[in-house]
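One structure below.
Every chain is numbered from 1 and lettered A, B, ... according to where its sequence line falls, protein lines coming before strand lines.
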Number of protein chains: 2
Amino acid sequence: MTSTDHTGSGDLARSLELMWGLDRKPTRGPKPALTLDRIVGAGIAVADAEGLDALSMRRVAAEVGAGTMSLYRYVPGKAELLDLMVDKVNSPCESEFPPGLGWRGALERVARGIWQMYNRHPWLLNVDQARPVLGPNSLRALELTLAAIGDAALSDREKMTVLTIIDGGYVSGMARTHFNAKHAAQRTGVSDEQFWAAQAPILSAAMTSGDYPELAALSQDSFTADGEGEFEFGLGLLLDGLEAFVERRT
Amino acid sequence: MTSTDHTGSGDLARSLELMWGLDRKPTRGPKPALTLDRIVGAGIAVADAEGLDALSMRRVAAEVGAGTMSLYRYVPGKAELLDLMVDKVNSPCESEFPPGLGWRGALERVARGIWQMYNRHPWLLNVDQARPVLGPNSLRALELTLAAIGDAALSDREKMTVLTIIDGGYVSGMARTHFNAKHAAQRTGVSDEQFWAAQAPILSAAMTSGDYPELAALSQDSFTADGEGEFEFGLGLLLDGLEAFVERRT
DNA sequence: CTTGAATCGAGTACACCGTACCCGACTCGC
DNA sequence: GCGAGTCGGGTACGGTGTACTCGATTCAAG
């Protein structure tokens with residue numbers, strides 16, 4: 001599984017207008033039979049149920065019971081549809097942060113929230129979000145997060161850097177590894193056991209060859225990973241490091 | 001840019017055979033005009049130069065001056081070609097680790113090596129490697145890494161976990177964010193300045209709306225990111241946390 | 001109430017993709 | 001020599017995003 005390119009959101013301005021609902025309604029003409037929301041929702045439903053590669057304009061159109069080309073009355077193209085799907089799914093933590101959580105608790109909460117968002121919508125992991133399109137939901141999430149870590153003794157720029165490192169870097173990377181593997185099983189019909197069994201012969205041949213002494217000496221349980229546990233462990237390490245950094249400077 | 005699905009390497013066993021050179025040569029028939037290496041190399045060249053979405057069987061065939069379907073004499077399909085490309089690119093650090101580096105130094109070195117690998121081959125970031133196909137190069141890299149961090153007071157399983165967290169999680173995630181953004185500019189022809197300028201009107205409207213007080217109060221330089229610097233900073237935090245963990249238990 | 005401009009849904013068509021299937025040409029072991 | 005096995009690669013099918021087009025609908029203006 002690799003990444004389908006949409007060209008980085010062909011018409012960014014149009015995406016933003018649609019996200020923020022800035023298109024002025026026409027007065028003449030027939031009533032639209034569809035809604036932008038319904039289309040975006042259908043796209044999310046398809047991606048959730050069948051993965052990103054099953055998301056096609058024809059498929060979404062069929063889902064809402066319309067002709068394929070009718071979608072283009074609401075959305076400039078597939079890239080923009082994806083932008084809209086991302087922001088819709090990116091709704092901030094339902095409950096606000098409980099007060100008095102402290103910056104470390106808030107960062108943990110945000111990290112786990114993102115982790116669970118990727119669990120609900122694994123297709124998000126394969127959407128290039130390097131250039132974030134700032135929709136209302138994404139912006140709201142950032143706003144709430146900034147408010148919750150206000151007590152950290154960091155500059156504004158450092159706070160943004162920390163968010164990039166933890167959320168954009170660590171959490172996304174770990175989630176990608178973990179959930180892609182998890183969903184690969186059902187998507188391909190090849191279970192984890194089957195997958196590793198297929199590699200076993202080559203692996204054991206490599207072990208006994210003597211070319212890989214370190215690998216050969218590894219204890220048996222080294223390859224059985226507990227994704228969630230590893231995620232929490234690494235998050236702890238990262239926050240420990242950050243805590244030391246903050247204390248060191250005060 | 002999103003992720004094109006190959007179905008998780010349709011024929012894993014065949015991929016492994018090709019990687020390890022286990023196919024027994026036929027004795028009858030004409031001499032092959034192509035080489036597996038040449039095809040894989042051409043694929044890498046195309047992906048390096050024009051991105052993952054430009055990588056098609058027809059494009060690779062044209063690159064090596066052959067008919068499209070001729071490639072299927074050497075490779076079962078596109079998924080397996082990608083597997084081969086990944087392992088070929090995944091050659092371990094050219095120079096071995098200098099002795100006496102210590103586990104922390106070794107982990108830093110590995111992390112930076114991966115970072116630079118992603119810099120050279122940004123398409124790698126959009127290949128799903130959740131289920132790693134263990135080719136000779138990948139295995140060699142793991143072997144060398146394990147040898148270099150042998151002095152860490154960690155169990156075998158913990159070492160693997162640490163590698164997953166740092167390399168599979170943090171480094172990959174940060175590299176994805178950074179290099180996808182970096183190459184989005186040239187791929188789409190929209191510079192970073194243009195990209196942010198397009199969002200500026202909506203952003204400033206949101207700021208002045210009063211709905212986003214925290215965002216509005218951010219200092220001006222908060223959005224100017226230094227990817228490499230952020231990467232090093234986060235890596236330091238992670239390793240600080242790990243160092244504390246190791247010392248705490250001894 | 002009529003009329004025309006604007007907007008609707010959607011069919012057709014094109015260029016691209018991965019690849020199943022097939023066949024003629026080549027080359028060696030017998 | 002000759003036939004089995006392997007080579008290159010052409011053709012064709014079902015999929016993709018979407019440009020272009022056109023008839024049907026609806027409201028504002030006369």
Side-chain angles (χ1 to χ4, degrees), chain A residues 1-11 14-15 23-36 38-39 42-43 46-47 50-85 188, chain B residues 1-11 14-15 23-36 38-39 42-43 46-47 50-85 188:
Chain A
M1 213 243 219
T2 34
S3 283
T4 42
D5 265 351
H6 73 149
T7 47
S9 190
D11 192 340
R14 191 93 183 82
S15 275
D23 46 344
R24 63 248 182 277
K25 309 291 194 292
T27 149
R28 265 184 282 274
K31 294 293 170 209
L34 267 46
T35 316
L36 185 58
R38 224 160 83 74
I39 294 173
V46 170
E50 305 173 43
L52 242 200
D53 36 335
L55 184 81
S56 72
M57 298 304 272
R58 290 174 226 262
R59 182 78 182 72
V60 172
E63 197 76 7
V64 298
T68 306
M69 295 317 291
S70 305
L71 300 187
Y72 288 89
R73 290 269 159 203
Y74 301 83
V75 166
K78 195 187 182 185
E80 290 78 10
L81 174 57
L82 257 171
D83 286 340
L84 293 167
M85 287 169 59
T188 65
Chain B
M1 215 240 216
T2 34
S3 282
T4 43
D5 265 351
H6 73 148
T7 49
S9 190
D11 192 339
R14 191 92 183 81
S15 275
D23 48 342
R24 61 247 183 277
K25 308 294 195 292
T27 148
R28 266 182 284 274
K31 296 293 170 208
L34 267 46
T35 316
L36 185 58
R38 224 161 83 74
I39 294 174
V46 170
E50 305 173 43
L52 242 200
D53 35 335
L55 184 81
S56 72
M57 297 305 271
R58 289 173 225 262
R59 182 77 182 73
V60 172
E63 197 76 7
V64 298
T68 306
M69 296 316 290
S70 305
L71 300 187
Y72 289 88
R73 291 270 160 205
Y74 302 82
V75 165
K78 195 188 184 185
E80 290 77 12
L81 174 57
L82 258 172
D83 287 340
L84 292 168
M85 287 168 59
T188 66

Could you tell me whether [X] contacts a base, only the sugar-phosphate backbone, or nothing, with contacts defined as non-hydrogen atoms closer than 4.0 Å?
X	value
B:L81	nothing
B:L71	nothing
A:T27	sugar-phosphate
A:A61	nothing
A:S70	base

The side chain of [X] is closest to which nucleotide in this list: [options]?
X	options	answer
A:R73	C:dA20, C:dA10, D:dT16	C:dA10
B:K31	C:dA10, C:dC22, C:dC28	C:dC28
B:P30	C:dA10, C:dG29, C:dT27	C:dT27
A:R58	C:dA10, C:dT19, D:dT18	D:dT18
B:Y72	C:dA5, D:dT16, C:dT19	C:dT19

Revision key, fill the gap. Between B:G29 and B:P76, whichever has its closest DNA chain C nucleotide further toward 5' is B:P76

Point to revise | Most 5' of A:P32 and B:G77 on DNA chain C, judged by nearest nucleotide | key: A:P32

Check your understanding: Should A:Y74 be listed as having a side-chain N or O under 4.0 Å from OP1 or OP2 of C:dC8?
Key -> no

Check your understanding: Reckon A:T68 has a side-chain N or O less than 4.0 Å from the OP1 or OP2 of C:dA10?
Key -> no

Study note, to complete from the structure: Result for 5'-nearest mapping on DNA chain D, choosing between B:L34 and B:R28, is B:R28

